[in-house]
K.L.:
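Handing you a structure now.
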Amino acid sequence: FRLFGNLMNLDHIDTRLCEELQHDGRASMESLASVVGLSRVAAGARVARLIDSGALRIIGIVHPSALGLRVAAHLSISVSGSARGTGQNIAALDSFPLVSVVAGRAALIAEVYATNMTALRALIRVVTAMENVTHVEAAVYTERIKDLYAPPGIIPPTEIDNVDRQVLEALKMNGRASYAEIARITNFSASAIRGRVNQLTSRGVVRISAVLTPGMVGLQHMCGFGLHLRGGTEYESVSIIEAMESVSYLSLTLSRFDAIGTMLAKSQADVVTELDRIRSTPGVEGLESWTHLEVVKENHLLTTFKSTLPA
């Protein structure tokens, strides 16, 4: 993940292609072409340019629950020394898919996934014990409302066999890998792989989606926010905030915040405008924000997770 990058000029056709691929990363070129009013060849050239430039990647993102990772939390981390150095130490732990240096109450924020609350507490203790870390505040996610890059909702316990794992590994590298390509890896037929992919997506195990490099598409500013919501109105408030185009992530939490979210914007002025919109949302009684200065790590490919607990 890169928050910043060389700005790429996107026209309305490029933008629509990105939106369609975020919805379905394996959409056919024929369907994409019909949406934007181009030929199949022209649409394919546009998509190839977006991918080759680094502005867009299409990957398979595995639902954490499918991997037994049923607990997640947002950590606000205060440090006494180098925030970047401490962030790099945390980023080395596989259970932390997101680590970022921020300007705000804390020096760093991080996300952590675990199998259960006991494992979560142990991972938080690992961070708390790190050199220069002075305080860790945890907000446990209770319900993910919006996430552009992760499969939505909660899925029931599901069995994933070795062939499924091979399919997921292939999709995480290239969400548009052909069934024939995956078939060669697994020694199954292309039709069997098609069935596997369809089952994995329909069960919510994996979402194949376009992941954008925000800075390359003009979204140079990333801001996190925590909300205090009026009791009994949480879902009404978050449904309004969820619909905001600038909001890329939103989750209800068990912490001093009732909800935590992230927004992407083109300018500081846009950030101020969007934060004011959230403050003005019925049911929002307080808002605290932090600016992302440097994303140390953002890894959506949860299939690579291993235990990071000390032996």
Side-chain angles (χ1 to χ4, degrees), residues 1-8 53-57 59 61 72-113 123-124 126-139 141 146-150 210-226 246-251 253 257 260-275 278 287-302 304-305 308:
F1 175 93
R2 290 176 293 160
L3 176 58
F4 304 107
N6 296 324
L7 182 62
M8 183 177 182
S53 71
L56 177 146
R57 292 181 299 139
I59 58 176
I61 305 168
H74 176 282
L75 306 185
S76 300
I77 304 161
S78 300
V79 302
S80 60
S82 168
R84 178 184 285 124
T86 303
Q88 290 170 344
N89 291 336
I90 298 170
L93 304 175
D94 290 327
S95 295
F96 292 78
L98 172 66
V99 183
S100 184
V101 179
V102 298
R105 182 173 179 175
L108 292 162
I109 65 96
E111 284 189 348
V112 57
Y113 283 83
L123 287 163
I124 293 172
V126 170
V127 174
T128 303
M130 287 184 174
E131 185 179 2
N132 296 331
V133 172
T134 58
H135 181 68
V136 177
E137 180 179 299
Y141 295 139
K146 182 178 185 179
D147 191 340
L148 292 183
Y149 302 131
V211 177
L212 301 177
T213 300
M216 294 189 69
V217 295
L219 300 173
Q220 297 280 350
H221 298 272
M222 182 176 179
C223 179
F225 56 88
S246 61
V247 174
S248 60
Y249 182 86
L250 185 64
S251 180
T253 66
F257 295 125
I260 285 177
T262 303
M263 69 167 57
L264 295 167
K266 293 182 178 181
S267 67
Q268 292 278 20
D270 286 344
V271 171
V272 173
T273 298
E274 294 300 280
L275 289 176
I278 294 174
L287 181 151
E288 180 178 317
S289 63
W290 49 91
T291 301
H292 289 257
L293 302 176
E294 180 178 312
V295 178
V296 180
K297 175 185 180 183
E298 186 162 12
N299 175 23
H300 305 291
L301 306 179
L302 302 185
T304 62
F305 276 15
T308 51

K.L.:
As an exercise, state the distance from OG of S80 to NE2 of H135, rounded to the nearest 0.5 Å.
P.N.:
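Answer for the OG-NE2 pair, S80 versus H135, is 14.0 Å.
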K.L.:
With sequence neighbours left out, what residues match E288 under side chain to side chain donor-acceptor pair (under 3.5 Å)?
P.N.:
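Testing E288 for side chain to side chain donor-acceptor pair (under 3.5 Å), a comparison that skips the adjacent residues, returns R256.
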K.L.:
Which value, rounded to the nearest 0.5 Å, describes the distance between M263 atom CE and H221 atom NE2?
P.N.:
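Output value for this atom pair is 12.5 Å.
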K.L.:
For F225, which of L250, I260, T262 qualifies under side-chain contact (heavy atoms from CB on, under 4.5 Å)?
P.N.:
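By the side-chain contact (heavy atoms from CB on, under 4.5 Å) criterion, F225 pairs with just one of L250, I260, T262: L250.
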K.L.:
Apply side chain to side chain donor-acceptor pair (under 3.5 Å) to S289 and list each qualifying residue two or more places apart in sequence or on a separate chain.
P.N.:
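In terms of side chain to side chain donor-acceptor pair (under 3.5 Å), with neighbours along the sequence ignored, S289 is linked to no residue.
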K.L.:
Does anything in residues 96-111 form a side chain to side chain donor-acceptor pair (under 3.5 Å)? List the pairs, not counting sequence neighbours.
P.N.:
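The answer is S100-H292, E111-Y141.
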K.L.:
Between CD1 of I90 and CD1 of I109, what distance do you get to the nearest 0.5 Å?
P.N.:
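The CD1 atom of I90 sits 10.0 Å away from the CD1 atom of I109.
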K.L.:
Which heavy atom in C223 sits nearest to a heavy atom in L275, and how many Å separate them?
P.N.:
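Reported closest heavy-atom pair: SG-CD1, 4.2 Å.
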K.L.:
Within the 4.5 Å heavy-atom criterion, are N89 and N132 side-chain neighbours or not?
P.N.:
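Counting from C-beta outward, N89 and N132 never come under 4.5 Å.
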K.L.:
To the nearest 0.5 Å, how far apart are CG in L108 and CG in L75?
P.N.:
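Result: 10.0 Å between the selected atoms.
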K.L.:
Kindly determine whether I77 and M130 satisfy side chain to side chain contact (heavy atoms under 4.5 Å, CB included), including the steps that lead there.
P.N.:
CA-CA 11 Å; I77 304 161; M130 287 184 174; over 6 Å; no
K.L.:
What pair of heavy atoms forms the shortest contact from L93 to K297, and how long is it?
P.N.:
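Looks like O-NZ, 3.1 Å.
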K.L.:
Which distance, rounded to the nearest 0.5 Å, do you find between the OH of Y249 and the CE of M222?
P.N.:
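Here the rounded value is 11.5 Å.
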K.L.:
Would you confirm whether S95, through its side chain, and V112, through its main-chain N or O, come within 3.5 Å as a donor-acceptor pair?
P.N.:
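Not a single qualifying donor-acceptor pair exists.
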